[in-house]
Participant: 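Following this message is one structure expressed as structure tokens.
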Amino acid sequence: LSGGPAMTTAADSLQRQLDECRERLQQRERELAMVSLELERLGGLHAAFVRRMAHDLRAPMNAIMGYARLLQRRAGPALDERQHRNIENLQASAGQLLGLIEDVAELARAEGGRAPMCRREVDVASLADECLAAAAARLGTRVTLHRQIDGAPRAHTDPQRLQAAIEGLLLHAAGDGRGGCLLFQVREADAGVEIAVVAPCPAAAAAQTPDPLPAGAPIAGCPRLGGVRRLLEMLGATLSVARAQGLGTTFSVLLPASGA
């Protein structure tokens, strides 16, 4: 047939072009995969640096606020109005800086949420003990942590995200309770694992018990809980905050059951 060789040559040429395109595409995919891994590695290093920096700044701020309260309490009668005002300004400025530090820590937690999800069977009680130890190291002696864990709760979840969320919740609860003591509770429930942080606070707001917060909803009175909520949402967990006058604030998390 006339034109047969020409058709064969054209088909071979087209096949070569397709093979070259496929090879270039595969090469680009490999390059993109390498870039993605490098970005994840750098992101993890950046988040770790921010967390460490926030921790190193938080300790002296807490010390400044603690010494200011101690000075005001012990030397109060001997101080005049101007000195009282100066100490109050010092506490307010330190509190604002501490708030900025917490914002930086929230940023690190939010960035940590971009890492790939890695779910596995988690012993929630053991993880809770690690969170309490980390929180105790950050809070120092100004807050006493009490632990109450019932049973041997387990969950199929991402331990890194859960730990970041619990530690953030403990730090926020300590701020909400203005020191004193925190009660940390974990127990098994029909729907999963219930985690609660109770912060006694005599100056708590009027009683209110909101439902679990819908996605994207603001957390009234807890503007810096957004990063914690985002981490919990990634795990399929719900977060609610209840305040009762004279009783303090309860931060509650419902984590899906193992295998959920």
Side-chain angles (χ1 to χ4, degrees), residues 43-62 98-115 117-120 122-149 153-155 157-187 193-199 213 219 222-241 249-255:
L45 291 175
H46 177 259
F49 167 76
V50 172
R51 285 195 298 270
R52 181 63 185 177
M53 181 184 67
H55 174 265
D56 290 345
L57 293 175
R58 188 185 291 112
M61 284 297 103
N62 283 328
L98 192 59
L100 293 174
I101 293 169
E102 294 297 344
D103 287 340
V104 171
E106 282 295 345
L107 175 63
R109 282 191 283 270
E111 288 185 346
R114 299 176 187 172
M117 186 73 70
C118 183
R119 294 181 183 271
R120 61 178 175 83
V122 175
D123 181 347
V124 180
S126 297
L127 184 68
D129 286 337
E130 294 179 15
C131 295
L132 286 170
R138 293 184 180 185
L139 296 172
T141 58
R142 72 183 183 92
V143 175
T144 302
L145 299 174
H146 299 283
R147 171 188 182 275
Q148 181 180 329
I149 298 180
R154 303 185 69 83
T157 188
D158 185 321
Q160 184 175 0
R161 281 182 171 84
L162 181 58
Q163 182 169 354
I166 293 177
E167 289 180 11
L169 202 58
L170 286 166
L171 295 175
H172 284 296
D176 196 82
R178 303 296 185 268
C181 65
L182 295 179
L183 174 61
F184 183 75
Q185 300 173 310
V186 181
R187 70 181 185 90
V193 178
E194 291 184 355
I195 300 171
V197 181
V198 184
L213 298 163
I219 304 177
C222 305
R224 297 192 182 94
L225 272 177
V228 172
R229 182 191 61 188
R230 285 192 294 273
L231 288 171
L232 292 172
E233 286 176 349
M234 293 176 187
L235 303 175
T238 57
L239 169 66
S240 60
V241 181
T249 307
T250 300
F251 302 84
S252 301
V253 174
L254 179 58
L255 191 67

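Hydrogens, waters and symmetry mates are skipped; everything else that's a heavy atom, side chains included, is used. Small disclaimer: the values here were computed from a predicted structure and weren't measured.
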Participant: Rounded to the nearest 0.5 Å, what separates atom CZ in Arg161 from atom CZ in Arg230?
Facilitator: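 The CZ atom of Arg230 is 12.5 Å from CZ of Arg161, to the nearest 0.5 Å.
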Participant: Begin from the C-alpha positions of Met234 and Asp158 and carry the test side-chain contact (heavy atoms from CB on, under 4.5 Å) through to its verdict.
Facilitator: CA-CA 9 Å; Met234 293 176 187; Asp158 185 321; over 6 Å; no
Participant: What pair of heavy atoms forms the shortest contact from Ala173 to Val197, and how long is it?
Facilitator: CB-CG1, 3.4 Å
Participant: With a 4.5 Å limit on heavy-atom distance, are the side chains of Phe184 and Leu170 in contact?
Facilitator: yes
Participant: Just so I know, are the side chains of Asp129 and Ile149 near enough to count as touching, which here means a heavy-atom distance under 4.5 Å?
Facilitator: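 SC-SC contact between Asp129 and Ile149 confirmed.
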Participant: What residues, two or more places apart in sequence or in another chain, satisfy salt bridge (charged side-chain N to carboxylate O under 4.0 Å, His left out) together with Asp123?
Facilitator: none
Participant: How long is the gap from CG on Leu239 to CG on Leu231, to the nearest 0.5 Å?
Facilitator: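 Output value for this atom pair is 11.0 Å.
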Participant: side-chain contact (heavy atoms from CB on, under 4.5 Å), that's the test. Do Phe251 and Ile195 meet it? Break it down for me.
Facilitator: CA-CA 8 Å; Phe251 302 84; Ile195 300 171; over 6 Å; no
Participant: Please identify each residue that fulfils side chain to side chain contact (heavy atoms under 4.5 Å, CB included) with Leu254, with sequence neighbours left out.
Facilitator: Ala191, Glu194, Thr238
Participant: Only counting residues at least two apart or in another chain, list the ones meeting side chain to side chain contact (heavy atoms under 4.5 Å, CB included) with Ala196.
Facilitator: Gln185, Thr250, Ser252
Participant: What is the minimum heavy-atom distance between Ala199 and Leu182, and which atoms define it?
Facilitator: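 The pair with the smallest heavy-atom distance is CB-CD2, 3.5 Å.
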Participant: Considering all heavy atoms of both residues, which atom of Val122 and which atom of Thr157 are nearest to each other, and what is their separation?
Facilitator: CG2-O, 3.7 Å
Participant: CG/Leu127 to CD/Glu167 distance, rounded to the nearest 0.5 angstrom?
Facilitator: 8.5 Å
Participant: Do you know which two heavy atoms are closest between Arg154 and Val193, and how far apart they sit?
Facilitator: O-CG2, 3.6 Å
